[in-house]
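For reference, the structure is listed below as C-alpha cells.
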Amino acid sequence: MSTRIFTDIFIFLAILFLPPIFPMVIALFSLYYYESFYEIIFAGIIIDALYGRPIANLYDFSHLMAFISVILFISSIFIKKRLKFYSDK
C-alpha cells in the first residue's frame, strides 16, 4: 500500500515538473502493476487542467489526456483478464 502512495506522489510531482507525456507513461506502467489504478483518470484530468488547450481538428476538444486515460483504464480491465500472469492475482 505504501508503494502505491509513493507512486501517486511521484506522478503528481511529475505532472508539475515534467512534460505532460512523462506522467502518463509512468501512470501507464502503474496501471498494469496495480490491480485498479484509478489515479490515471485523475492524472489525466489534472494534466488537462494545467496544460490542456483546445484542439481545432477535434472540434475544440480540450480534454484529450482525460479521454486517453479513461480509454486506457477501461482497456486495461479487459487486457488484464486475458493475461496469464494476471489471472493468479
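Bear in mind that the values here come from a model prediction, so they are computed numbers and not experimental data.
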Could you tell me the separation between the CG atom of Leu31 and the CD1 atom of Ile26, rounded to the nearest 0.5 Å? 13.5 Å

Drop me the distance from Phe12's CZ to Phe17's CZ, to the nearest 0.5 angstrom. 8.5 Å

Please report the shortest heavy-atom distance between Ile40 and Ser69, naming the atom on each side. O-CB, 3.3 Å

What closest approach, in Å, do Ile11 and Phe37 show between heavy atoms, and which atom pair accounts for it? CD1-CZ, 3.6 Å

So Phe67 and Asp48, do their side chains get closer than 4.5 Å, heavy atoms only? no

Nearest 0.5 Å, please: how far is CD1 in Ile41 from CD1 in Ile46? 12.0 Å

Where is the tightest heavy-atom contact between Arg4 and Tyr38, given as atom of each residue plus distance? NH2-N, 3.9 Å

Thr7 and Tyr33 side chains, donor-acceptor separation under 3.5 Å: no

Taking Tyr51 for the side chain and Ile15 for the main chain, is one N or O donor matched with an acceptor at less than 3.5 Å? yes

Checking Asp8 against Phe42 for the side-chain contact (heavy atoms from CB on, under 4.5 Å) test, could you report, in this order, the C-alpha distance in whole Å, the side-chain angles of both residues, the deciding distance, and whether it holds? CA-CA 10 Å; Asp8 293 340; Phe42 297 116; over 6 Å; no

Taking all non-hydrogen atoms of both residues, which atom of Glu35 and which atom of Lys80 are closest, and how far apart? O-NZ, 2.6 Å

Distance in Å, Phe22 CZ paired with Ile47 CD1, rounded so as to fall on 0.5 Å steps: 12.0 Å

